[in-house]
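In this text, all values refer to a predicted model and were calculated from it rather than measured experimentally.
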Amino acid sequence: EPGRVGAGHDRSGVARTRCKRIAGARRVQPCTGIAPVHARAAYPAHVSHIAFVFPGQGSQTVGMGETLSGSSPAAAAVFAAADAALGESISSIAWSGPAERLDLTENAQPALVATSIAILEAAREATAASGVTFPTPVFAAGHSMGQYTAMVAAGALDLGDAVRLV
């Protein structure tokens with residue numbers, strides 16, 4: 001069965017089959033190769049359209065972004081900028097909780113914006129360090145308050161303004 005992962009099928013074959021189906025539906029050239037993005041996924045080599053989609057409130061969890069901040073200077077800088085913009089340590093609330101405090105709207109929303117942008121900046125940092133060009137999205141979107149994160153990612157809104165607005 002085309003597109004099925006199982007005996008005799010690898011992920012590249014699945015991606016290639018899906019690409020051909022999409023290409024046929026759009027009447028464009030089918031993909032000619034697969035370019036691995038990371039060890040567990042592969043995308044057609046000619047993919048030029050990508051979107052970033054960010055989560056809304058309810059996605060927060062105590063500890064989010066802490067490990068990343070410790071390993072990525074870019075992520076740490078995002079959290080520091082968010083803390084400075086708010087005049088309080090939203091990072092410590094995100095990292096240490098308690099959950100009841102993080103779940104408050106006035107904490108959850110800026111913590112999610114900061115964490116999502118920290119992840120984005122850490123990904124940019126990691127791809128640059130490995131000599132890979134980070135993809136430029138065709139659009140950015142967000143679920144509910146995630147729209148503020150999308151505006152930051154698109155360069156339409158400053159991180160400091162976003163964490164203060166939400």
Side-chain angles (χ1 to χ4, degrees), residues 11-12 15 18-19 31 33-166:
R11 291 195 183 277
S12 296
R18 287 182 184 150
C19 180
C31 55
I34 302 297
V37 174
H38 57 78
R40 301 183 75 172
Y43 297 91
H46 74 280
V47 169
S48 61
H49 293 75
I50 189 169
F52 294 159
V53 182
F54 298 97
Q57 187 171 347
S59 303
Q60 70 275 3
T61 185
V62 173
M64 64 183 185
E66 183 175 19
T67 302
L68 184 63
S69 181
S71 63
S72 165
V78 169
F79 282 108
D83 290 349
L86 293 171
E88 67 175 306
S89 184
I90 196 66
S91 58
S92 67
I93 296 170
W95 299 343
S96 303
E100 296 78 21
R101 186 168 179 209
L102 177 59
D103 288 345
L104 296 173
T105 298
E106 62 266 21
N107 295 327
Q109 292 186 355
L112 282 166
V113 171
T115 301
S116 295
I117 295 299
I119 292 167
L120 180 63
E121 292 305 319
R124 285 186 174 132
E125 176 184 60
T127 55
S130 65
V132 176
T133 302
F134 192 77
T136 300
V138 174
F139 69 89
H143 175 258
S144 189
M145 57 73 45
Q147 65 187 318
Y148 290 93
T149 310
M151 288 188 281
V152 173
L157 186 61
D158 178 76
L159 173 68
D161 291 336
V163 296
R164 284 188 299 270
L165 282 169
V166 296

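Of the N and O atoms on the side chains of Ser144 and Gln57, not one donor lies less than 3.5 Å from an acceptor on the other residue.
Contacts of Phe134 classified as ring pair (Phe, Tyr, Trp, His ring centres under 6.0 Å), with partners at least two apart in sequence or in another chain: Phe52. Not counting sequence neighbours, Ala129 has no partner by the side chain to side chain contact (heavy atoms under 4.5 Å, CB included) test. Judged as a salt bridge (Lys or Arg N to Asp or Glu O under 4.0 Å), and not counting sequence neighbours, Glu66 has no contacts.
Using a distance-only test at 3.5 Å, with no hydrogens or angles considered, a donor-acceptor pair links the side chain of Ser130 to the main chain of Thr127.
Contact of the Gln60 side chain with the Asp103 side chain is registered, since non-hydrogen atoms from C-beta on lie closer than 4.5 Å. Side-chain contact between Gln109 and Leu165 is absent, with no heavy-atom pair separated by less than 4.5 Å. Two residues are said to be in side-chain contact when any heavy atoms from C-beta on lie closer than 4.5 Å; Asn107 and Ile90 meet this criterion.
Contact between Pro110 and Leu86 at its shortest, heavy atoms only, is CB-CD1, 3.9 Å. Of all heavy-atom pairs between Ala111 and Leu102, the closest is CB-CD1, 3.8 Å. Considering all non-hydrogen atoms of both residues, Gly97 and Val62 come closest at N-CG1, 3.7 Å. Closest approach of Pro135 and Ile50 over heavy atoms only: CB-CG2, 3.9 Å.
A distance of 8.5 Å separates CH2 of Trp95 from OG1 of Thr115, quoted to the nearest 0.5 Å. Between the OG atom in Ser116 and the CG atom in Leu120 there is a gap of 9.0 Å [rounded to 0.5 Å]. The distance from the CD atom of Gln147 to the CZ atom of Phe54 is 12.5 Å, given to the nearest 0.5 Å. Rounding to the nearest 0.5 Å gives a distance of 9.0 Å between CE of Met145 and OG of Ser59. Going from atom OG1 of Thr61 over to atom CG of Leu112 covers 10.0 Å, rounded to the nearest 0.5 Å.
Residue pairs meeting the salt bridge (Lys or Arg N to Asp or Glu O under 4.0 Å) criterion with at least one partner in residues 109-121, sequence neighbours excluded, are Glu121-Arg124.
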Could you pull out all donor-acceptor pairs under 3.5 Å where a side-chain atom in residues 67-82 meets a protein atom, sequence neighbours excluded?
residue	atom	partner	partner atom	Å
Ser71	OG	Thr67	O	3.3
Ser71	OG	Leu68	O	3.3
Ser72	OG	Ala74	N	3.4
Ser72	OG	Ala75	N	3.1
Ser72	OG	Glu125	OE1	2.4

Side-chain donor-acceptor contacts of residues 151-163 below 3.5 Å, not counting sequence neighbours, with atom names and distances?
residue	atom	partner	partner atom	Å
Asp158	OD2	Gly160	N	2.9
Asp158	OD2	Asp161	N	3.4
Asp161	OD1	Arg164	NH2	2.6

